[in-house]
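In what follows, a single structure is set out as structure tokens and then discussed.
In the text below, chain A, chain B and the rest are named by the order of the sequence lines, each starting its count at 1. Just the heavy atoms: all of them, side chains too, but no hydrogens, waters or symmetry mates, feed the values below.
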Amino acid sequence: MARLNDEVGALLREYADLILLTGGNAFRARSYEKAARSVGGYPEDLARLDEDGIRQIPGVGDSTAAKIAEYLTTHRILALDALRAKVPAGLREITAIPTVGPKTAVQLYRQLGISSVDELRAAIDADKVKGLPGLGKRAVENIRHGIEQVSRAGERTLLSTALDLAEELVAAIGAVPGCSRCAYAGSVRRMRETVGDIDVLATAKDSGPLMAALLDRPEVADVIGSGPTKTSVRTDQGLQVDLRVVPPADWGAALIYFTGSRAHNIKLRGRAVKAGLKLSEYGLFEVESGKKLASRTEKEVYAALGLPLIPPTLREDRGEIEAALAGELPEVVRLKDLRGDLHTHTNLTDGLASLEAMLEAAAGLGYQYYAVTDHAPNLAMQRMTDDKMLAQRERARALDRSYGGMRVLHGTELNIDADGGVDWPAEFLAEFDLCVASIHSSFTLDRAAQTRRLIRACENPYVNVIGHLTTRLLDRRQPIDVDLDAVFAAAGRTGTALEVNASPNRLDLNDEQILAARRHGVRFAIDSDAHSVPQLANQRFGVATAQRGWLGPEDVINTWSLTRLRRFLRKPALRG
DNA sequence: GCCGTTTTCGGCCCGACTGTTTTCAGTCG
């Protein structure tokens with residue numbers, strides 16, 4: 001379920017597009033675009049704000065605030081409806097085609113009456129487009145190609161998939177003679193849950209061999225453009241890859257520039273401008289003299305702007321620059337801070353590896369403790385029984401400290417039923433070291449029922465962690481409809497940790513939800529939910545997501561000592 | 001339309017690439 005902020009953000013973005021498509025002022029359009037981004041990323045829920053509160057959102061002035069307020073009360077924006085009436089719906093869709101912007105779309109509409117992607121395709125086939133001002137043979141071919149791209153699917157790519165390719169490309173390009181540095185940047189480096197393209201940055205005196213190395217890659221399906229500083233290609237999987245090559249001395253400035261986000265960069269630039277400076281991918285310069293002040297390392301460039309080095313995962317313009325200036329940038333949790341994993345499976349249920357294999361691998365990761373949490377009997381397909389669970393406990397106890405001194409915790413992943421109840425009676429639950437509880441069914445209950453069941457699960461004195469709370473699957477399932485704030489409040493109140501599920505197609509909670517939950521005093525568990533040995537390594541995605549949610553080690557219970565963790569696992573309701 | 005240790009008016013991030021233009025407009029990120 002999209003947040004109201006996202007819904008309003010989308011409407012403002014549409015309004016901005018329609019301004020451009022009706023020949024309106026470009027700065028006015030940009031202003032709405034900026035407001036759209038700002039509203040989408042605003043931590044407070046719009047529904048809780050009055051018009052004054054809305055007016056406080058950066059980039060939202062009187063006019064935009066009034067439109068938002070109008071939408072909140074009437075569920076309409078009359079000015080938006082008026083623009084929609086002027087522009088055929090398909091025109092905006094046409095601007096989604098690469099190489100076709102608002103100017104071209106308007107021209108196609110005015111000259112040829114084209115108002116949908118299908119009509120555009122037909123017009124190209126009938127050779128009616130070529131010859132319009134600015135549209136020669138090449139341009140038309142590009143549009144035809146763009147239409148194919150759009151129709152064959154434009155979903156964003158999972159971070160894990162993109163990261164695999166990014167690491168391969170960096171290894172290949174970095175190995176080219178003459179390449180002094182090479183790294184991936186962009187949303188992959190920021191570890192966004194999905195990415196639209198891969199940005200690779202390299203330094204070399206001569207860029208030619210590096211560009212050639214990318215162009216020669218087997219997965220390159222077509223070349224979007226190639227020059228001395230930039231080459232863009234599309235892979236056979238439809239993923240765009242941009243390679244930028246800069247002089248070695250400008251590595252830091254370029255890495256900042258291409259790591260983004262856009263909003264973070266805009267704010268950095270604004271800061272530079274106020275100081276009479278100019279920031280680009282080639283460095284930080286004095287405007288007057290043109291003198292270069294910094295460019296070699298990220299740290300140096302940030303320092304010249306009066307800022308500490310900001311971790312890439314925080315560079316989203318969600319207050320990190322302001323926090324840095326105030327000396328309040330969080331010390332974000334790192335992979336090496338994790339002392340254990342609290343949600344894992346074995347082949348006793350749906351895992352692939354034995355308990356012993358999982359423990360051995362976990363010890364290899366340097367963990368001090370490790371919880372096995374196989375599924376409980378209510379998930380009937382897992383065929384769990386009391387006897388099987390008790391036998392596993394006995395085995396776990398026997399293996400305690402057998403792998404480099406690592407402590408073995410025996411837990412389970414309970415099923416939260418439609419009413420918020422879980423498997424097993426209290427006396428059975430009391431014997432586990434910890435219980436994760438998750439939703440595995442009844443995804444379509446209404447908001448009130450979902451909220452009620454999750455709050456009840458938090459209130460269960462034996463439920464220590466709520467697993468993958470929203471149950472979304474990035475590639476195929478929407479999150480459940482639930483009042484997250486109410487659940488976060490219950491988790492904070494009852495001492496129930498919320499999971500940051502590290503599985504790359506879950507990442508549940510996500511970054512923004514973590515930010516919101518943290519404001520309720522919630523603690524978190526970063527868990528792999530591994531069903532196999534390799535999946536134990538997914539923790540990197542969970543840690544990155546936690547960083548994006550501004551979590552420090554203090555917030556994450558599996559960075560704590562076992563003693564402190566055990567104290568937390570005995571919930572307030574059970575203490576005397 | 002938004003915004004202000006330079007401003008309530010006059011700016012608004014900056015640069016690369018392509019194609020068609022012979023000096024630049026449009027698009028993109």
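For the pair A:I19 CD1 and B:dG1 P, the computed distance is 8 Å after rounding to whole Å. Atom CZ in A:R192 sits roughly 13 Å away from atom C1' in B:dG29 (whole-Å rounding). Nucleotide B:dG1 holds its C1' atom 10 Å from the CG atom of A:D62, rounded to whole Å. Following rounding to the nearest Å, A:D199 (CG) and B:dC28 (C1') show an atom-to-atom distance of 12 Å. Following rounding to the nearest Å, A:R262 (CZ) and B:dG15 (C1') show an atom-to-atom distance of 12 Å. Summarising the geometry, the separation between CG on A:N25 and P on B:dG11 is reported as 14 Å, rounded to the nearest angstrom. To the nearest angstrom, C1' of B:dT27 lies 12 Å from CG of A:L135. Here the P atom of nucleotide B:dT6 and the CD atom of A:E288 are 14 Å apart, to the nearest Å.
Formation of a donor-acceptor pair under 3.5 Å by the A:T157 side chain with backbone atoms of A:A162 is not found in this model. Proximity of a side-chain donor or acceptor of A:R315 to a complementary backbone N or O of A:R190 within less than 3.5 Å is not detected. Looking only at distances, no side-chain donor or acceptor of A:R121 sits under 3.5 Å from a matching main-chain atom of A:R144.
Results of the side chain to side chain donor-acceptor pair (under 3.5 Å) test with A:D317 over A:H264, A:R37, A:K267 single out A:K267 as the only residue that passes.
Here B:dT27 is the nucleotide among B:dG1, B:dT27, B:dT20 with the atom lying nearest to any side-chain atom of A:K103. In the set B:dT27, B:dT5, B:dG15, B:dT5 carries the atom at the smallest distance from any side-chain atom of A:K274. For A:R55, the listed nucleotide lying nearest its side chain is B:dC3; candidates were B:dT27, B:dG29, B:dC3. Looking at the side chain of A:E281, the nearest of the listed nucleotides B:dC28, B:dG15, B:dT20 is B:dG15. Counting only heavy atoms from C-beta on, A:N142 has its side chain closest to B:dT18 among B:dT18, B:dC2, B:dT20. Distances from the side chain of A:P228 to the nucleotides B:dC17, B:dC14, B:dG1 place B:dC17 closest. Checking B:dT20, B:dG29, B:dC14 against the side-chain heavy atoms of A:S280 singles out B:dC14 as nearest. Side-chain proximity of A:Y32 to the nucleotides B:dA16, B:dT27, B:dG1 is greatest for B:dG1.
Of the side-chain N and O atoms in A:T64, one or more sit less than 4.0 angstrom from OP1 or OP2 of B:dC2. Side-chain nitrogen and oxygen atoms of A:T229 include none within less than 4.0 Å of the OP1 or OP2 phosphate oxygen of B:dG15. Side-chain N/O atoms of A:Y282 include one lying less than 4.0 angstrom from OP1 or OP2 on B:dA16. Between A:R30 and the phosphate of B:dC12, there is no side-chain N or O to OP1/OP2 separation shorter than 4.0 Å. When the side-chain nitrogen and oxygen atoms of A:S63 are compared with OP1 and OP2 of B:dG1, one or more of them lie within a distance under 4.0 Å.
With hydrogens and angles left out, the side chain of A:Y257 and the base of B:dG29 share a donor-acceptor pair within 3.5 Å.
Between A:H520 and A:F488, the ring planes are tilted. Angles from 30° to 60° get that label.
Remark: the separation of the P atoms in B:dT27 and B:dT21 is 16 Å, to the nearest Å. B:dT20 and B:dG26 have their P atoms separated by 14 Å, given to the nearest Å. For the P atoms, the distance from B:dC2 to B:dT6 is 23 Å, rounded to whole Å. For B:dG10 and B:dA16, the P atoms lie 31 Å apart once the distance is rounded to whole Å. Taking atom C1' in both B:dC17 and B:dT23, the straight-line distance is 16 Å, to the nearest Å. For the P atoms, the distance from B:dG4 to B:dT8 is 13 Å, rounded to whole Å.
Both tests pass for A:K278 against the ring of A:F285: distance under 6.0 Å to the centre and angle within 45° of the axis.
Map A:G136 and A:A96 each onto its nearest nucleotide of DNA chain B; the residue landing nearer the 5' end is A:G136. Nearer the 5' end of DNA chain B, as judged by each residue's closest nucleotide, is the contact made by A:G61, out of A:D197 and A:G61.
To the nearest 0.5 Å, the span separating CG on A:L210 from CZ on A:R244 amounts to 13.5 Å.
By the 6.0 Å contact criterion, NZ on A:K292 is enclosed, its count of non-hydrogen atoms from other residues, nucleotides or ligands being greater than 12.
At the heavy-atom level, A:I97 lies under 4.0 Å from the strands shown only through sugar-phosphate atoms. A:K34 comes within 4.0 angstrom of nothing in the nucleic acid, heavy atoms only. Within 4.0 Å (heavy atoms only), A:P133 reaches no atom of the nucleic acid at all. Residue A:T104 is classed as a sugar-phosphate contact, given heavy-atom separations below 4.0 Å to backbone atoms only.
Applying the Watson-Crick and G-U wobble criteria (two distances, each under 3.5 Å), B:dT8 pairs with nothing in any strand.
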